[in-house]
Each structure stands twice: as structure tokens, then as C-alpha cells.
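Notes for the one structure printed next.
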Amino acid sequence: MTHPVSRLRELVSAAVVESFGPEHAAVDPAVHRSAFADYQADVALRLARAVRKPPLEVAKALAAAIDASELCEDVQVSPPGFVNFRLRRDVLETSINALVRDERAGVPRVARAQTIVIDYSSPNVAKEMHVGNLRTTVIGDCLARLLGFQGHRVVRQNHIGDWGTPFGMLVEHLHDLGSEQSAAPALADLKAFYQAARSKFDADPSFADRARQRVVLLQAGDPATLAIWRTLIQASLVYLRSVYQKLGVLLTDDDVRGESFYNPLLPRVADELEQRGVAQIDQGALCVMMPEFKNREGETLPLIVRKKDGGFGYAATDLAALRFRVDELHADRLLYVVGSPQQQHFSMVFAAARKAGWLPESVHAEHVGFGSVLGADRKLLRTRSGDSPSLVELLDEATERADAAVREKNAEMPAEMRARVAQQVGIGAIKYADLSSERIKDYVFDWSRMLSFEGNTGPYLQYAHARICSILRRAAEGGSELAADLLAFNVPELRAVRLEQPAERALAIELIELSSAVEAAASTLSPHRLCTYLYELASRFTAFFESCPVLKADTPEQRDSRLVVCGASRRALAVGLTLLGMGAPDRM
Ligand code: ARG
């Protein structure tokens, strides 16, 4: 079934052509939600200038030309030039019926699927993950889900930092520990391992020398050195897997393609850039000079491909990775979910790649930046000792706090079930706090706010979902087969929905907006737009539930209709929470 709003757009566009000619066919009908009607079209305001008529007159002409009787009970014009639509009740009822039976909750697939490579998480390994790795992982994962759900082919790339100078020190330290058996326990605690190597490096000049030698051996591909390096990377991958599992993100070992993968490709990257005249030697280093990129002093900022000492840096690896993603992964679109401080780095990499002919016009590359996680003092979130907090400790604390919060709300819940729910609520709270703030802004990490059951929070949405499930459960226990089916997402037949009360109608309108919210979040790469929508949806559900008794409805027909509305709300919330990467608990 065509979505009512898509159909409305088609009808408005047809009226534009009919009234003002085919040359205006491409004008955006600008149909959107409105406080004064169900939907409003702003197209008359846009057309007015082109057709040299007052907007109100344009709007009146359009309203007269639109035949929206299949969808609307009412089309009206209001100044300065809005066309307002009120949907027919039966159209909404049919939509709710379709939505409750559709596992996509009415969200269409895109007409043209793209291959979208998303670089996210990408931590530097052989180190503990810290809060600085949180946002890229959570936002990147949500974007992967959103774009994948829309039907795009999403290729996740975890560009881990598994190569380069720090590995000299780490390999040398592991080498000093001797046999694999004696190294195993040290590697189980990566944080301690990294710190031990670091202090040795700082305190012992001979170790520091050996560490530097190791870098050379590693770069040269010395087999013994590579073997130690591999042990280290394997241990890191085990650790990464455990963090991703805790966090509930999609990333797997198959998505890992770290910096080391590109190492053999770097000399060619440098040579080709030089041959094509894109890069030149400047004070011994091979650089791409692009006058559009300047430092604070106004001098051209070089993109360093190969350092003076012959080593390759971060930019060279990113150029090689970009080529790989375009040529081998066949990307139509490249996304890099990396903190805002790296914005210029990516602009330069993209510009250099365009110059080199590695990034064709048809491929779109975008740095998806984001702000920092701040503490209550509005400075970067730190532990008491001044470190960046460990991600695992943060996640564990969230689960513990959620456990206490769930216990307070529902003392009867068996401990085992509560542990499961607490995991979903705790991790969900952290993710939601991150995703619901505008991506590009900093946000303040605040336990009590994110774990609150009130307001625009993860627990509030999950609670709304659990509450609907509990209504359905109670109805099912009372013998309603319909409720049992709805609970099991199993609604094969059309059910009579009757949207009688204003609160039912308002909820229904919100429900059919899920597809617009998904589209808005995906097209602007802004998960917070989906969050805002879900919060609004949950609030409308609450209003519905307060004014429209379900279990105590007046008639069996009314009760069944409201059960279907509950089922549809639960479906939309479940789809939304899943897209955010959050659990949708059925009890809380
Ligand atoms: N490992 C890098 C860091 O921790 C992030 C890598 C981002 N991805 C990339 N293709 N450069 O800063």
C-alpha cells in the first residue's frame, strides 16, 4: 500500500502541473506535519515567485485542482499560502491495519539501493577502549542499521589502529615476557599490559632503543616480529569482541580491516601520487599541497603522505583505504564516523583522492563528525585520576545502575530476568543519551538523567514498549486471541480498527509518521531525529492510554480496535528501538 503521505505528495505535484504547467513538475510539494491540520503543503509559497502570483491565490488554485478525496475529508487554504489536509478516518484505519501486520511497520525500502561503506568504531588496539571510542561506535552502528533497513548494502569497516610506532614498544615488551604461556596472562589485561610497556619505555632508555628497532623490523616484515605482533592483535580482537558484545553492536571480526591491511599498498599510493604530480617532495617529506587548506598562520597545510624518515602516516593509510573501498568494495558512498577534530584530515584526504582520480564524482565521501562526551563540569569526561574512563567500566556501571532502577520500579521481577532487562536498559540508556543529542554537538554525560524513566530517555521508551506488552499480556491472559497474536507479532488477518477518540486519531497519525522519521534520520545521518519521533510517539501513546481504556473498553469491538492500536504502537516502538541498536524489553 502506498503511504498516505507519499500519495498526498503525488497528488499535490499533479495539481501543480495541472494548474501551472509541466515546467514546475520538479518543485518540492513540501508536504509535512502541521499544528493546524494533519498535513500541510507549502508548495504555493515556493511557486508564487515563479508563477508571479500571490501565494494565497496559488494555494487556492492548487486546492481547487487537487482531487484528494481518496485520502482527505477536507482540503483548506490558509494565509499566507498553505494548503491544509485532514486525512479521512478510514484511510488512517487502513494504514494502522497495514502497519500492525508489517514487520517493517510501514517503512518502505529505497528505490535505488547504494553500496555504503561505513567506517566506524576504529579504535587503536592493544589498549583498553575508553569513552572516546563510545560515540563513533554507537552512532556508526545506528547509521549502519538505519541505512541497511532502508535497503542499502552497508559494508561496515572497523579501521582499527593496529600498526605503527606504538607497536614497536608493545612487541618488544611482549618479546621480553618470553614464551607464549608466560605472556598469556599479561595479555588478558590489555590496559596493564599497555601501561607496563609504556612505563618501561619512559624509564629505560635501552628498552626505548630496542622498541625503536622493533618498529623498523615490523615495517620490514621480519617474520619473528610479525609473529609477536600477531599474538598481540589476536588478544586485542578477543577483547574487542567482548566489548562489542556488551555494547550490542553489529560489528564482528569480519568487519575488521585495520591499518596494517593497507601497509603493503602504501608505497604504490605514494609513487602514483608523485607520478601524477599530485604530491611533491617538500623538506624531504612527500606531501600533497592544496592551497585551499591553510593552517592558523595562513600557510598551506601539507597532507603528509610519506615522512622524511621514509615512514608512512595516517593520511597515506586513509588514501589507500579509500581506494580499496572504491575499487574493491565498490562503494557508491563512503562515510567516516570519526570525531570532529579529524574533520580537516578527511577534507584533505578526499580532496587529494579527487585530484589523484581515485574518488570519481559519482562516489560521495563524507566525514560524519560528532562532538565530545563531557562531564558535569562541561569538560571532557574524565575519571578522578584524570584518565579517559574505561568503556567497559562505564557499561558495567550502567547495567548496575539500571538493575537498581528496575528493582525500584518492579520489586517482584525475578533476579535472573532483571539481570537481562538491566543489561538492555543500562546499555540502552547510554546509547540513547548519545543518539538523542544532536550528533555534532557535545553532550553531558549524566547518569541520573539518562537513567530516568521520565522525559526523552532510553528507559522511558523501553518502558512504554514494556507497558504495551503488559497490556497485551493481560488481555491475552483474559482469553483474547487477538492480544496473544499481537504479542507474538502474528496478525495474519485484517482487523477492524476504529479511531473514534481524538487521542486515538492523534496516535494513528504519529504512527504513520515512522517512515518519515526513518527517512529524515537516514538522509541527514542524524539519529536524534528518530529519537525525537519515538519520544513523541511514546507520549502520544501515553495520552491515548490515559483517555481510551483498552481492557475496560465499552464494547468488544472497541477493545479489539484498541488492542490493534496498542499492537501497532508496540510494533513501531520495537522497530525504532532496534534501529537505534537498543533492546525492546517486554517487561520492566
Ligand atoms: N584509529 C583512529 C583514532 O583512534 C580512528 C580511525 C578512523 N578511521 C579512519 N579511516 N581514519 O583516532
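When a ligand or atom number is given, it counts from 1 through the structure's own listing order.
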Pairs of donor and acceptor atoms involving the side chains of residues 349-361, under 3.5 Å and at least two apart or interchain, shall be tabulated with distances.
residue, atom, partner, partner atom, Å
Arg354, NH1, Leu359, O, 2.9
Arg354, NH1, Pro360, O, 2.9
Arg354, NH1, Val363, O, 3.3
Arg354, NH2, Val363, O, 3.2

Tyr262 ring center within less than 6.0 Å of His159 ring center
yes
Are Phe261 and Phe324 an aromatic pair by the rule of ring centers under 6.0 Å?
yes
Can you check whether Tyr460 and Phe453 have ring centres sitting under 6.0 Å from each other?
no
Gln343 versus His345, side-chain donor and acceptor atoms under 3.5 Å
no
With distance as the sole criterion, is a donor-acceptor pair present between the side chains of Ser436 and Asn456 under 3.5 Å?
no
Pick out the protein N or O atoms lying less than 3.5 Å from any N or O of ligand 1, and list each pair with its distance.
residue, atom, partner, partner atom, Å
ligand 1, 1 (N), Ser122, O, 2.9
ligand 1, 1 (N), Asn124, OD1, 2.9
ligand 1, 4 (O), Asn124, ND2, 3.4
ligand 1, 8 (N), Asp119, OD1, 3.3
ligand 1, 8 (N), Asp119, OD2, 3.4
ligand 1, 10 (N), Asp119, OD2, 2.7
ligand 1, 10 (N), Asp318, OD1, 2.7
ligand 1, 11 (N), Tyr314, OH, 2.7
ligand 1, 11 (N), Asp318, OD1, 3.4
ligand 1, 11 (N), Asp318, OD2, 2.8
ligand 1, 12 (O), Gln342, NE2, 3.1

